[in-house]
Every structure is written in C-alpha cells, then in structure tokens.
Number of protein chains: 2
Amino acid sequence: MSLRHALLALLTVEPMTGYDLSKAFQASVSHVWHAPDSQIYPELRRMEADGLLVGTEVPWGPRGKKREYHVTEAGLDAFRAWMNEPLSYTRERDPAHLKAAYLEWAEPDAARAQLRAHIANFDEQRVEWLEKVREIDTGTSAMLEKRLGHAPASEHASIRAYKRYTYVGLIARAEHEIEWAERGLVLIDELNGTDAAPPAD
Amino acid sequence: MSLRHALLALLTVEPMTGYDLSKAFQASVSHVWHAPDSQIYPELRRMEADGLLVGTEVPWGPRGKKREYHVTEAGLDAFRAWMNEPLSYTRERDPAHLKAAYLEWAEPDAARAQLRAHIANFDEQRVEWLEKVREIDTGTSAMLEKRLGHAPASEHASIRAYKRYTYVGLIARAEHEIEWAERGLVLIDELNGTDAAPPAD
DNA sequence: CGGACCATGTAAGCGGTTACATGATTCT
DNA sequence: AGAATCATGTAACCGCTTACATGGTCCG
C-alpha cells in the first residue's frame with residue numbers, strides 16, 4: 001500500500017499525469033521507491049475511484065489528451081494519516097545475506113563475483129544519493145524547489161532537512177554494505193589461502 | 001524464488017518435515033528469511049514434483065504420519081547453481097526511508113514514535129543476531145553443529161566463518177539503522193525548538 | 001481429559017513483475 | 001519520414017500474506 005502514499009507524496013507538490021509521475025519516480029524517488037507504468041496508471045484510477053484524487057482530461061496537441069491528477073482534501077487526509085501512523089515492520093527477506101551465510105557452497109570466484117556485485121550495486125546507489133544531497137544543498141532539485149515554492153517559508157528548513165536526513169542515511173547504509181562486502185572479499189581470500197603463508201611477525 | 005533455496009539450504013543439513021523446517025526458519029534463519037507454514041508446505045510439494053526433493057511418509061504415533069523430505073542430487077545441483085550465479089538486485093523499496101523524506105507532514109510526536117519504532121525494531125534484531133553469533137562462537141547452535149558433523153573437517157572453518165560474517169554484518173547494519181533513527185530524533189527536536197535556547201558557550 | 005504441541009494444508013486476495021499493445025506528438 | 005518521447009494501459013503470472021481449517025500426539 002506504500003505505492004499509493006508515494007504517489008500522494010509526489011502529487012502534493014503539483015498536479016501531474018501518470019507519465020509525469022513515472023518520470024518523477026525515476027528522478028526523485030528512484031532507489032527509495034520504484035514503480036513501473038503498469039502499476040502507476042491503474043493505481044491512479046483506483047485512487048480517483050476512492051476519492052483521493054481528481055483526474056481531469058487535458059488536451060495535448062490536436063488529437064491527443066492526457067489525464068492530470070490533483071490531490072483532494074480526502075487525499076491529503078489519507079496522506080497525513082499514513083504519515084502519523086506507525087509503520088509495521090515486515091520480516092527481513094534479504095537474499096544477499098541469505099547467500100552469504102552459505103558461501104562455502106559457492107566456488108571462490110563465484111563468491112567473489114557475488115560480493116563485487118554487491119559493492120557495485122551499492123556504489124551505484126551511493127553515487128545517486130550523493131548527487132541528490134548535492135541537489136538539495138545547491139537548490140537544483142526541481143521537485144524540491146517546487147515544493148518549497150508552495151510551502152510557507154517557516155517550513156522550508158524542515159522540508160529540506162528531512163530530505164537531506166533521508167538521503168544521508170541511505171548513503172551511510174550503502175557505505176556500510178560496501179564495507180561489509182569488502183570484508184567478505186578479504187575473508188574469501190583468507191579461507192582459500194591466497195596468501196602463501198601468514199607472516200608470523 | 002529464494003524460499004526454495006532457503007529450504008534447500010536447511011535440508012542440506014539433514015532430512016526434515018515441513019514442520020521441522022517451519023521451526024528451523026524461526027530458530028535459524030529468522031530475520032534473514034521468514035516463511036509461514038502456508039508457504040512452506042506447498043513449496044515442498046512443488047519441489048518434490050520438480051525432483052529437487054524426495055518425500056517419504058514416516059509413521060508418527062499409532063495413526064499419525066508425517067512427510068520427511070531429503071535433498072536429491074538434482075536438488076544439490078540446483079542449490080549449488082543458485083550459489084554460483086550472481087544475484088539480481090531488485091529496486092529499493094523502503095517504507096521507513098520513504099516516510100522519513102516527508103516527515104514534515106507528520107506531527108512531531110508521531111515522527112518521534114516512528115523513529116522510536118525503527119530503533120525498537122532494529123534493536124530487537126540486533127539482540128537476536130548477537131545471540132546467533134554467540135551460539136556460533138560457543139558451538140551451541142544445533143543446526144550449525146549438525147551441519148559441521150556432516151562436513152569434512154577441512155570445511156569447518158569456512159562454514160563457521162561465513163555464518164559469523166553474515167550475522168556480524170547484520171548486527172552492524174542494525175546498529176547503523178539505530179544510529180540513523182537517533183540522529184532523526186535529535187533533528188526533530190532541533191526543528192521543533194524543544195531546546196529553549198542553544199547555549200552560546 | 002485437557003492443553004501444548006506436532007503436522008499439513010486450502011483459499012482469497014494483494015502488490016508487484018514482465019511482457020505486450022497501441023497510438024499521438026514533437027523534433028530533426 | 002523517422003526517431004525519440006509522451007501517453008496509457010491490459011494480461012498473465014508469481015511470491016507472499018492473512019485467515020481459516022483439520023486432526024493427531026504426548027504429557028501431566
């Protein structure tokens with residue numbers, strides 16, 4: 001049910017079409033939340049049916065049209081309610097750590113490749129999030145600046161701070177995952193005796 | 001598709017029933033992977049149909065019976081193949097960080113409660129994993145000791161080391177999440193001016 | 001005899017993935 | 001004219017959750 005709230009979060013900035021939201025997901029929430037078109041369009045229809053959004057047909061070119069959604073009062077209430085209610089933490093399901101626990105079954109090279117992929121994955125995320133923080137700090141995030149434009153000045157500090165806080169936390173987590181995988185690479189070498197003889201010194 | 005491989009991982013130790021596996025999930029893989037009975041039993045049937053397992057009916061009491069599964073060669077091959085192939089990293093979907101990014105929408109107290117729940121959740125996990133590491137170190141993990149009993153002595157170090165490595169990594173991650181949430185609590189206080197006046201000293 | 005535990009599922013539904021399908025617009 | 005992009009979905013399937021259902025065993 002978080003897709004619904006992620007969509008609400010984005011639509012609190014300004015009315016958007018399904019296509020806009022799809023792009024916004026990639027540009028602004030990517031790596032915190034992902035959703036394909038095939039999920040976004042039907043969900044928007046459902047949200048409209050539930051009264052959280054109102055969709056209006058907007059002409060686009062001579063024959064084309066698009067549907068722009070804006071949040072209703074009920075939608076804002078639903079979003080605030082979600083923000084105020086505690087999250088239910090679901091059980092861990094972590095394939096990378098599951099595999100790590102049984103790494104003795106893998107070929108050493110496959111085990112190394114696994115951990116290198118882990119590093120590559122989180123390094124990529126890290127770079128993206130560093131860029132997000134830079135955008136927050138330099139005022140070059142289109143979505144954030146629009147959001148600030150519609151919010152009272154008294155809230156600007158909070159809005160900016162919470163976004164920054166989120167991304168900085170994700171960067172730290174990515175760095176932790178990278179360090180963990182790097183320790184794993186060392187461990188694989190140790191267990192497979194790549195070092196000729198441990199120096200007794 | 002990881003449930004299947006988690007089940008294979010556990011069944012490489014010794015033959016077990018669905019009920020045993022359900023318990024083993026709670027005791028040994030809990031918080032790395034969770035699966036309810038309603039998922040385990042049908043999956044075991046499917047795995048048997050796919051030739052990865054063989055199930056044998058074992059009498060249990062005067063009229064009762066249970067089905068004990070053991071891994072076939074094909075099952076071992078499938079498990080090794082999974083261990084040797086790289087994981088595909090799926091997109092992030094992280095409700096806690098999604099909410100954190102929009103914390104200005106929550107009441108300060110709700111925001112605090114949210115972060116405290118985050119701390120409680122990861123603190124609980126941390127305690128469980130610390131206990132797992134202790135069991136590994138003291139040789140009091142039933143599953144691990146059984147596993148070592150069936151493995152050549154030359155592999156004991158690796159088996160133990162990878163399990164330890166996994167849990168230590170998870171502990172570090174939990175601690176990171178706790179630290180992040182604690183920074184968040186400080187941030188909420190700062191933004192809501194709980195401190196009467198910042199000491200200029 | 002009752003309560004804790006052992007044992008094995010079915011069924012409905014949900015959120016998400018993957019693949020497919022269609023057509024208009026804008027720019028070069 | 002063709003390519004990139006804008007725009008909106010449908011359909012099949014999959015893994016997982018939640019709720020429900022049933023019956024046997026073991027021990028005090």
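Protein chains get the first letters and strands the later ones, always in sequence-line order, with residue 1 at the start of each. Computed from heavy atoms alone, side chains included, the values below leave out hydrogens, waters and symmetry copies. The structure presented is a predicted model; accordingly, all values stated were derived computationally and were not measured.
When the P atom of C/dG9 is taken as reference, atom CG of B/Leu44 falls 9 Å away, rounded to whole Å. Going from atom CZ of B/Arg45 over to atom P of C/dA7 covers 14 Å, rounded to whole Å. Computed from coordinates, the A/Glu43 CD to C/dC14 P distance equals 11 Å when rounded to whole Å. Taking atom CG of residue B/Asp20 and atom P of nucleotide C/dC6, one finds them 9 Å apart after rounding to whole Å. Note: CD1 (B/Ile40) to C1' (C/dT10) measures 16 Å, nearest angstrom. Atom CZ of B/Phe25 is separated from atom P of D/dT17 by 11 Å (rounded to the nearest Å). One can place OH of B/Tyr41 at 19 Å from C1' of D/dG15, the figure rounded to the nearest angstrom. The CG-P distance, from B/Leu7 to C/dT8, rounds to 13 Å in whole Å.
Nearer to the 5' terminus of DNA chain D, by closest-nucleotide assignment, is the contact made by A/Asp37 (compared with the other of B/Gln39 and A/Asp37). The residue among B/Lys66 and A/Ser2 whose nearest nucleotide of DNA chain C is located toward the 5' end is B/Lys66. Nearest-nucleotide positions on DNA chain C for B/Tyr19 and A/His34 put B/Tyr19 closer to the 5' end.
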5' to 3', nucleotides 20-28 of chain C under a 4.0 Å protein heavy-atom cut-off (B base, S sugar-phosphate only, - none) gives ----BS---

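For A/Arg147 and A/Glu14, the salt-bridge test fails: no basic side-chain N is under 4.0 Å from an acidic carboxylate O. For B/Arg112 and B/Glu107, the salt-bridge test fails: no basic side-chain N is under 4.0 Å from an acidic carboxylate O.
B/Arg93 has a side-chain polar atom (N or O) that falls below the 4.0 Å cut-off from OP1 or OP2 of C/dT17. For the OP1/OP2 pair of D/dT8 and a distance below 4.0 Å, the side-chain nitrogens and oxygens of A/Arg67 include no atom meeting the criterion.
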Verify salt bridge (charged side-chain N to carboxylate O under 4.0 Å, His left out) between A/Glu155 and A/Arg160, making sure each step is shown before the conclusion.
-> CA-CA 9 Å; A/Glu155 287 178 20; A/Arg160 217 182 270 274; over 6 Å; no

Start with the C-alpha distance between B/His34 and A/Thr90, add both sets of side-chain angles, then the distance that settles side chain to side chain contact (heavy atoms under 4.5 Å, CB included), and finish with yes or no.
-> CA-CA 10 Å; B/His34 164 81; A/Thr90 57; over 6 Å; no

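Distances from the side chain of B/Thr17 to the nucleotides D/dT8, D/dC6, C/dT8 place C/dT8 closest. Nearest nucleotide to the A/Ser38 side chain, out of C/dT18, C/dA7, D/dT8: C/dT18. Taking every side-chain heavy atom of B/Pro36 into account, D/dT18 is the closest of D/dT18, C/dT17, C/dA7.
Annotation: side chain of B/Glu85 is not in contact with side chain of A/Gln114 (no heavy-atom distance under 4.5 Å).
Taking the six-membered ring where the residue is Trp, the centroids of B/His97 and A/Trp33 are separated by 6.0 Å or more.
When heavy atoms are screened at a 4.0 angstrom cut-off, B/Leu3 is found touching the sugar-phosphate backbone but no base atom.
For A/Thr138 (side chain) and A/Arg134 (main-chain N/O), a donor-acceptor pair under 3.5 Å exists by modelled atom type.
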